[in-house]
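This report refers to the structure that appears directly beneath it.
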Amino acid sequence: MRHILTASQMQARDLYMINEIGVPSSVLMERAALAIADEAASYLERAGKCGRVLCVCGSGNNGGDGAACARILFLRGIDADLYIAGDENHFSDGMQLELAICRKLGIKEVTKNTFAEYDVIVDALFGIGLSRDIEGDYARVIGRINAAGAFVIAADISSGIHADTGKIMGCAVQADVTVTMQFMKPGMLLYPGADYSGRVLVADIGIADMWNDDPWQPRKNLPSEDGPQIYSMEDTDIPASIPKRIASGNKGTFGKILVIAGSKNMSGAAYFSALSAMRMGAGMVRIVTAKANREIIQRELPEALLSTYSDAIEAEDVIDKCLDWADVICMGPGLGTDETAESIVKHVLGIAVLPLVLDADGINCLYGKTQMLKDYRGMLFITPHMGEMGRLVGKTIAELKVEPVKAAAVLAASCDIVCVLKDARTCTALPNGKVFINRSGNDGMATAGSGDVLSGILSGLLAQNCDVLSAAPLAVHIHGRAGDAAADEGGTRNVIASDIIAHLKDVVR
């Protein structure tokens with residue numbers, strides 16, 4: 001489990017270590033600079049270059065990190081120069097101290113308009129506190145960095161990225177590597193900021209997370225923080241979170257899932273959801289779908305039980321009979337949005353009390369009707385993509401993309417549900433205020449049926465009594481890792497939903 005901090009949360013930890021614990025700020029700056037210098041030296045060694053390094057420094061402590069980095073490299077015998085941006089009268093104490101040391105050592109300060117002669121550029125212009133658009137001289141400096149053709153290392157965060165949202169503040173440095181301090185920040189994971197961050201390395205500079213780092217436990221008695229508590233699943237969380245198999249168990253032991261999905265000419269969604277649930281280890285799956293899908297489902301997935309309907313009345317009767325049998329409901333993939341589909345969705349939300357994964361058309365049938373989510377008596381998981389989320393809450397995709405963490409968190413808290421907001425970086429918000437940003441997956445997963453697979457994975461975990469709070473972020477991470485395995489095998493252009501399912505066994509094993 002990785003803890004991800006907003007700018008204000010990171011700054012609070014900085015101050016806590018300095019003011020309450022007593023660690024000098026110069027010690028933290030030195031360790032940050034050492035991590036950046038190590039990465040610069042490592043790149044030069046890998047590239048087989050003696051190399052020249054330019055540290056481009058702003059006026060704050062981020063600039064101090066860059067100046068200290070230049071000094072460390074200089075003392076190692078590496079040709080390191082400084083480019084100083086900003087007014088020295090406004091330099092932070094840390095930047096003033098580090099610049100004075102560099103000048104006493106005779107480290108060269110350049111003023112030329114091109115950075116093209118350098119092999120490595122360290123971007124230490126702006127840190128995580130940036131809150132206004134970059135323009136004027138600073139924008140021109142960023143343009144020079146991007147045009148230099150050098151290997152670019154961002155100190156803590158790529159200059160120009162909003163640390164909390166990933167928004168580009170006018171312009172931004174295109175980094176090859178970001179060496180971030182102690183904790184990742186949301187802006188380097190969310191797009192478009194992720195595109196500018198390159199490979200993200202987390203450097204241990206000695207800032208302890210005195211706040212409770214366990215998303216399932218209550219917070220410790222420490223100063224309160226603004227904003228959501230954000231986390232990310234790791235591969236090491238998979239074996240710890242997936243329920244153990246019972247050697248003496250039977251098919252009923254491992255959970256029974258009712259998949260209400262599919263409509264005429266839309267059998268694939270039901271197939272993908274049901275198959276992925278079974279591949280995750282669910283003992284039994286029953287598909288309730290339109291009669292037109294009977295033959296293809298029986299042929300393609302004979303392992304699944306099957307019930308069909310021809311109209312809304314028959315559908316509700318079939319579902320009522322199945323609810324006593326099931327442990328979990330997965331509803332919505334390929335269901336359609338006609339009167340029959342709307343009737344089914346409203347009926348299930350009105351009478352069921354089982355854990356329910358509501359996906360795709362199941363969400364579209366509730367256009368703007370979030371009260372129905374609040375009124376559901378069981379544990380509810382919704383898995384909308386940006387378009388479905390927008391229709392549900394009355395916002396445009398562009399509005400949601402500005403702050404996806406906030407959008408998911410607000411809906412989860414207000415409706416007391418789990419909201420899995422699917423995008424290039426999926427954000428999973430829990431009703432307790434915690435949010436997970438998923439870091440697995442790739443663009444090849446932007447393919448028809450991929451979301452249906454995710455709903456099946458989540459249903460499969462829930463059916464096996466996976467913890468209700470960890471199930472959704474775990475499902476998203478596993479889904480992404482299976483997509484990564486599929487892309488590794490054939491490239492991202494070739495990934496289809498069936499490939500993701502095929503690699504589930506590899507990820508879980």
Side-chain angles (χ1 to χ4, degrees), residues 251-252 254-263 266 269-290 293 297 301 304-309 312 314-336 340-366 369 372-384 388 392 415-420 431 451-469 471-472 475:
K251 60 188 177 183
F254 302 119
K256 296 169 285 188
I257 302 173
L258 179 62
V259 175
I260 306 170
S263 57
M266 289 290 287
Y271 167 79
F272 288 133
S273 294
L275 178 58
S276 54
M278 298 180 82
R279 287 295 187 191
M280 280 306 299
M284 303 173 72
V285 174
R286 178 179 291 277
I287 300 173
V288 174
T289 190
N293 297 328
I297 293 295
L301 193 60
L305 303 173
L306 180 64
S307 298
T308 62
Y309 59 84
E314 189 176 1
E316 292 175 12
D317 183 56
V318 168
I319 290 168
D320 289 347
K321 292 175 181 176
C322 294
L323 287 177
D324 287 339
W325 169 86
D327 299 310
V328 173
I329 306 167
C330 175
M331 179 169 67
L335 191 63
T340 297
E342 288 189 9
S343 178
I344 290 171
V345 171
K346 291 176 182 177
H347 179 73
V348 171
L349 287 173
I351 69 166
V353 294
L354 298 171
L356 169 60
V357 177
L358 189 65
D359 183 36
D361 286 336
I363 300 168
N364 288 330
C365 285
L366 299 179
K369 299 171 184 175
M372 294 191 71
L373 303 179
K374 296 180 185 181
D375 292 342
Y376 185 66
R377 293 176 294 165
M379 190 67 189
L380 181 59
F381 303 77
I382 68 168
T383 58
E388 292 159 353
L392 180 64
C415 295
D416 196 27
I417 62 174
V418 175
C419 177
V420 180
D452 306 323
V453 174
L454 174 59
S455 67
I457 295 172
L458 175 53
S459 301
L461 288 171
L462 292 170
Q464 296 171 81
N465 295 315
C466 184
D467 179 81
V468 292
L469 291 180

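Below, each value reflects all heavy atoms present in this structure, side chains not excepted, and no hydrogens, waters or symmetry copies.
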Out of curiosity, [X] [atom1] to [Y] [atom2], how far, rounded to the nearest 0.5 Å?
X    : Y    : atom1 : atom2 : answer
I382 : S455 : CD1   : OG    : 13.5 Å
I257 : C322 : CD1   : SG    : 13.5 Å
Y309 : I319 : OH    : CD1   : 7.0 Å
L301 : L306 : CG    : CG    : 9.5 Å

Is the shortest heavy-atom distance from the side chain of [X] to the side chain of [Y] under 4.5 Å?
X    : Y    : answer
I344 : M331 : yes
W325 : L305 : yes
I329 : L323 : yes
L366 : L392 : yes
I417 : Y376 : no
M379 : P431 : yes

Check: residues 356-365 side-chain donor-acceptor pairs under 3.5 Å, at least two apart:
unit_1: D359; atom_1: OD1; unit_2: T383; atom_2: OG1; d: 2.7
unit_1: D359; atom_1: OD1; unit_2: K422; atom_2: NZ; d: 3.2
unit_1: D361; atom_1: OD1; unit_2: N364; atom_2: ND2; d: 3.2
unit_1: D361; atom_1: OD2; unit_2: L335; atom_2: N; d: 3.4
unit_1: D361; atom_1: OD2; unit_2: G336; atom_2: N; d: 2.7
unit_1: N364; atom_1: OD1; unit_2: R391; atom_2: NE; d: 3.1
unit_1: N364; atom_1: OD1; unit_2: R391; atom_2: NH2; d: 3.2

Search all heavy atoms of S263 against all heavy atoms of G334 and return the closest pair with its distance.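 S263 and G334 have their closest heavy atoms at OG-O, 2.8 Å.
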
Please name the pair of heavy atoms, one in L469 and one in D467, separated by the smallest distance, quoted to 0.1 Å. N-OD2, 3.0 Å

Do any side-chain atoms of residues 275-288 form donor-acceptor pairs under 3.5 angstrom with protein atoms, and if so which ones, sequence neighbours left out?
unit_1: S276; atom_1: OG; unit_2: F272; atom_2: O; d: 2.8
unit_1: S276; atom_1: OG; unit_2: S273; atom_2: O; d: 3.1
unit_1: S276; atom_1: OG; unit_2: V453; atom_2: O; d: 3.1
unit_1: R286; atom_1: NH1; unit_2: S307; atom_2: OG; d: 2.9

The residue among D320, L258, I260, L354 that forms side-chain contact (heavy atoms from CB on, under 4.5 Å) with V348 is I260

For the backbone of A270 and the side chain of D452, can you confirm whether one donor and one acceptor N or O come within less than 3.5 Å of each other?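 Answer holds: no.
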
For A472, which residues count as a side-chain contact (heavy atoms from CB on, under 4.5 Å) partner, sequence neighbours excluded? F381, V418, V420, T428, L458

Counting only heavy atoms from other residues, nucleotides and ligands, does the tally under 6.0 Å from NZ of K374 exceed 12?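 Atom NZ in K374 is crowded, with more than 12 foreign heavy atoms closer than 6.0 Å.
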
